[in-house]
Structure formats: structure tokens, C-alpha cells
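The structure appears right after this line, and notes come after that.
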Amino acid sequence: MAESGSEAGLYAISVVAHLVGTGQQNIRLYERRGLLTPDRTAGGTRQYSDADLAVLRRIGELLEEGLNLAGVAKVMELEAANARLRAELKRARSR
DNA sequence: CTTCTGACA
DNA sequence: TGTCAGTA
């Protein structure tokens, strides 16, 4: 019941900025640093999905743990690689 | 809404 | 280095 129909999971930058507790400029900086890749509308407006919002929350936590933006990017890169390997491992086991 | 520049902790 | 503020 959480989502109602059509525009579930799409947020403007002002909304996500408030949700993660940071400024809009910082979120744009994260994207420039390669930490984030939100979809863009034809007019150039960023549209953040629910997954993007989760990533932004993860960025905030990692930053509080003392990592810099480069470290955050590395962690998420490794996590993506880990998930990929885990999926391949699961595939190999079932075979 | 976007981008850029400048200043601060 | 990351964040915030003001501007075009």
C-alpha cells in the first residue's frame, strides 16, 4: 500500500536533498564524482529513483564513517563487484 | 530546475 | 577535502 500507482519512486533533487539531510549542491557533486547516475528528463532535470535514494543514504553513512568521496566510490564499486560474483557463485553451485 | 564561482571548517 | 551560499 505504500505506493500509489504511477509516479512511485521518482524524486526531484530538492526532495532527496531533504530526505538525506544534505544540500542540493552536494548531491550534484556526488554525481559529478561518479557516485550516482540519476536519470535525466529532456530538460536536464535529474530524476532520482528509489534505488538512487538508497545510494544517497549509503553515501551519507559512509561519509560519517570517515570515508571521503573517493572511498565511497570505491566501496560501492567493490560491493557491485561482490554482488556480481555472488550471483555467479550461486549459479555455479546450482550447476 | 541547472551550472559555476567563491569561501569556510 | 567536503560543504554551503550566492549567482547567471
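Side chains are part of it too, since the values below use all heavy atoms of this structure and drop only hydrogens, waters and symmetry mates. Letters A, B, ... mirror the listed sequences (proteins, then strands); counts begin at 1. Just so we're clear, the structure is a prediction, and the values are computed from it rather than from any experiment.
- Of all the residues in residues 66-77 of chain A, not one reaches under 4.0 Å from DNA chain B with any non-hydrogen atom.
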Reading 5' to 3' and counting Watson-Crick or G-U wobble pairs with both distances under 3.5 Å, write the dot-bracket notation for DNA chain C, | for bases paired outside the strand. ||||||.|

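- For V72(A), the side-chain contact (heavy atoms from CB on, under 4.5 Å) test picks out L35(A), I59(A), L62(A), L63(A), L67(A), M76(A), with sequence neighbours left out.
- In summary, contact between chain A and DNA chain C, defined as any nucleotide atom under 4.0 Å from a heavy atom of the protein, begins and ends at dT1(C) to dG6(C) in the 5' to 3' direction.
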Could you walk me through whether Y48(A) and L56(A) pass the side chain to side chain contact (heavy atoms under 4.5 Å, CB included) test, one step at a time? CA-CA 10 Å; Y48(A) 292 89; L56(A) 282 169; 4.2 Å; yes

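- Once rounded to the nearest 0.5 Å, the distance linking CG of N68(A) with CZ of R33(A) reads 8.5 Å.
- Applying the side chain to side chain donor-acceptor pair (under 3.5 Å) criterion to R58(A), with sequence neighbours excluded, gives E79(A).
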Enumerate, atom names and distances included, each donor-acceptor pair closer than 3.5 Å involving a side-chain atom of residues 84-95 of chain A, sequence neighbours excluded.
from: R86(A); atom 1: NE; to: N82(A); atom 2: OD1; distance (Å): 3.4
from: R86(A); atom 1: NH2; to: N82(A); atom 2: OD1; distance (Å): 2.8
from: S94(A); atom 1: OG; to: K90(A); atom 2: O; distance (Å): 3.3
from: S94(A); atom 1: OG; to: R91(A); atom 2: O; distance (Å): 3.0

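- Screening residues 34-46 of chain A for side chain to side chain donor-acceptor pair (under 3.5 Å), with sequence neighbours left out, gives E31(A)-R46(A).
- A straight line from CG of N26(A) to P of dC4(B) spans 16 Å, rounded to a whole angstrom.
- Counting all heavy atoms, side chain and backbone alike, L36(A) lies closest to D52(A) at CD1-O, 3.9 Å.
- Think of L78(A) as one node in a network of Ile, Leu, Val, Met, Phe, Trp and Tyr side chains linked at under 4.5 Å; it has no links at all.
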Side chains of residues 14-28 of chain A: which donor-acceptor pairs under 3.5 Å do they make with residues two or more places apart or in other chains?
from: T22(A); atom 1: OG1; to: N26(A); atom 2: ND2; distance (Å): 2.8

Heteroatom pairs (N/O) under 3.5 angstrom, protein to nucleotides 1-3 of chain B:
from: dC1(B); atom 1: OP2; to: S14(A); atom 2: OG; distance (Å): 2.6
from: dT2(B); atom 1: OP1; to: R46(A); atom 2: N; distance (Å): 2.9
from: dT2(B); atom 1: OP1; to: R46(A); atom 2: NH1; distance (Å): 3.1
from: dT2(B); atom 1: OP2; to: R28(A); atom 2: NE; distance (Å): 3.4
from: dT2(B); atom 1: OP2; to: R28(A); atom 2: NH2; distance (Å): 3.1
from: dT3(B); atom 1: OP1; to: R40(A); atom 2: NH2; distance (Å): 3.3
from: dT3(B); atom 1: OP2; to: R46(A); atom 2: NH1; distance (Å): 3.0
from: dT3(B); atom 1: OP2; to: R46(A); atom 2: NH2; distance (Å): 2.6

